[in-house]
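Take a look at the structure below.
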Amino acid sequence: MGSAVFKGGIHPDYHKEITASMAVSKMKAPSTVVIPLQQHIGAPCEPLDGIEEGVRVKMGQKIADSSGFVSAPIHASVSGTIKTIGAYNHPLGRPVKAITIESDEQEEWDEKVKPPGNIDDLSPDDLRKIIREAGIVGLGGATFPAHVKLSPPPEKKIDCVVINGAECEPYLTADHRIMLEKPEEIIYGLKLMIKALGAEKGVIGIEENKADAISVMEQAVAGEENITVAPLHTKYPQGAEKMLILVTTGRKVPSGGLPLDIGVVNHNVGTAVAITNAVREGKPLIERVVTITGSGINKPANLLIRVGTLVSDVIEVCGGLKEDTRKLITGGPMMGLAQPNADMPVIKGTSGILALTDQDVYIAESSPCIRCAKCVEACPVQLLPTSIAQAAEHDLFKKAEKLHAMDCFECGCCSYVCPSKIPLTQWIRVAKAEIAKANKK
Amino acid sequence: MLIIYAVAALGLLGLLFGIFLALAARFFAVDTDPMVEAVKDELPGANCGACGYAGCSSFAEAVVSGEAKTNGCIPGGDETAKAIAELLGREVSSSAQPVATVFCIGDCFKTEDKFIYDGVTDCEVAGNFIGGFKVCGYGCLGLGNCVEACLFDAIKIGEHGLPVVDVEKCTGCGLCAKACPRTIIKMLPKGENGHLVLCNSHDRGKTVSKACEVGCIACKACVKVCPEEAIVMEDNLAVIDLEKCTDCGKCVEKCPPGTIFRRNAIPTEEQALAYAAEKATESA
């Protein structure tokens, strides 16, 4: 293990040293939280009956849900009174309906938040139900509802659960700290997933630049027969689902297919901890670990933050922004989303808050493609980024589809290596959106 | 000796192919209406599609068959309409040739940007990214989808960040209006008469005044002052009915941000740059 390497990828500057040695500390719950009703991939939630302005809610109380299968309910992250329900800025770019709760600082848990009883007696269906009710989504950033991944169709036999501890995004250290501080919870969560899926084994993939995490996790799995730790080469995007499965199991996810087609399910370390908390203590997902870092942050930190805390409040706790801060990103620098301001909440998928100063931001003027094929070499799924981008530029979306634009998972390697500074990933995103629109019709 | 064989062989082949082509031309000839060809020759040949047909050829066919009107070619204008009418012996009907008009004067000196955008140069893509980089969600982004669409080189993005239409070159085909994702460009009948509210924002007044110095704040001052009742409010934006407008100019005087202009006095690129220079000296 560990010797397998995927083709393509890049070696960016990681800058993880800024926060790697900082233990996760709990951020005090803010006086106001803004909880968007769409924090996952799938159907957006609607407020439950009785959830309206002026109503008091308790911490961990379910406040919104959806009848869709691919969806996850949303819980109050503080106890307090609902101030407004309405559109609010969202990290994804356009305003989304959100519930604003003013905290009464009582931190009173909802009565329904309690351990579900004897865990050994829980059936796989019970586990899935608990995980769904706890509102757990993929915490690596993609926010795919966790219970959906744990409910494969009966004809697909899952034998292996891969836990993602690669954390290949530069700057971010949230997963690194979770592995150092909560190894027992991760293993426990993994065992629950193995039970829910009826799988045989589990693998935890960790990049070699986190040697301390590898040794901690190896100690934690000692004595576990069916769980192994796989040290991985340090290379971006090692933590992408398809790359991680390839290097840990040797299986290749087919084009247009899903990991469950090859008997694998993949979850992030943070998700494993959230599942442990939900099953052992009945706690829904109302807080997550976020790395606040970058040259523009005065006091970088790894913080455990309530969902719905405003990014501006988080930045204030971290000593504010430096004067020459130029760019604010939620998530990592490669796949994160650049934001116009800090007036938006931390959501379940926010793995990092990154502020960069002038010295780290380069505003490039793009020039024509010189056909160097660096993007082709860097693409981890072996696409032709430049050809897809050109097709998109000329509205040839059928051609882009034939070039397998839909296999792109937007890792950003092509844009990173392009000497002409062509926004390749953005063009491919345009193509993907148009193809999806055309196929819907 | 060899050279004679070669010349003879090639000559013979040439003769055979010549005869074959001559026969083919006679037996496989496609009957074309000479009138269609003649009409086609009168058309600009840009294949812009503004007539509603696939291109100039299909328009010519439609005119000759009587399906389309002689003045259907918008870029060709009156001249082409007359020529076609003469060819076909029909009555000359003049065409109302439109011209592209930009309904936004919020240039880069009078509006604020939310953030620096350095991605894909396409108005539609940029507009979908966090609602566009301009504070105003309706204003021109100036990335030039209209310029790319124009087949006649009649539109460009000025130094002030807004499209500038060359009225002489504009044929009124309307491709730029179709290309604009924010429908800022509208096709109006050519002419100098009438006043226009040069704004596209349907935001409320407070939001507009924060975003732009010259946006319509929906105060209704123009609606009240207009003696002809030619101005109506449509979803927070004043709209002037050109048919009713008598060019009295009272609305221009009343408009607080200065959004209304007579059609022959639409702010130019030079004026915008002069304003920028003035603003720079003031702040310095």
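Convention: sequence-line order gives letters A, B, ...; per-chain numbering from 1.
Interatomic distance, Glu393(A) CD to Thr121(B) OG1, rounded to the nearest 0.5 Å: 7.5 Å. To the nearest 0.5 Å, the span separating CD1 on Ile363(A) from OH on Tyr117(B) amounts to 13.0 Å. Distance CD/Glu434(A) to CD/Glu124(B): 6.5 Å, rounded to 0.5 Å. The structure places NZ of Lys327(A) at 6.0 Å from CG of Asp118(B), a figure rounded to the nearest 0.5 Å.
Looking only at side-chain heavy atoms (C-beta outward), Ile116(B) and Arg326(A) come within less than 4.5 Å of each other. Proximity of Phe115(B) to Asn341(A): side-chain heavy atoms (C-beta onward) are nowhere separated by under 4.5 Å.
Of all the heavy atoms in Gly119(B) and Pro423(A), the pair that sits closest is C-CG, 3.9 Å.
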Let me have the donor-acceptor pairs involving side chains of residues 130-143 of chain B, under 3.5 Å, with sequence neighbours excluded, atom names and distances please.
unit_1	atom_1	unit_2	atom_2	d
Lys134(B)	NZ	Gly106(B)	O	2.8
Lys134(B)	NZ	Cys140(B)	O	2.7

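Residues of residues 145-181 of chain B never come within less than 4.5 angstrom of chain A, heavy atom to heavy atom.
If you measure heavy-atom distances from Ala389(A) to chain B, you find no contacts under 4.5 Å at all.
Atom NZ of Lys279(B) sits in a crowded spot, with more than 12 heavy atoms from other residues, nucleotides or ligands closer than 6.0 Å. Heavy-atom neighbours of Lys432(A) NZ from other residues, nucleotides or ligands within 6.0 Å: above the threshold of 12. Applying the 6.0 Å contact sphere to CZ of Arg182(B) captures more than 12 heavy atoms from other residues, nucleotides or ligands. Residue-environment remark: NZ (Lys402(A)) stays at or below the threshold of 12 foreign heavy atoms within 6.0 Å. Heavy-atom neighbours of Lys322(A) NZ from other residues, nucleotides or ligands within 6.0 Å: above the threshold of 12. Within a 6.0 Å radius of CD in Gln271(B), other residues, nucleotides and ligands contribute more than 12 heavy atoms.
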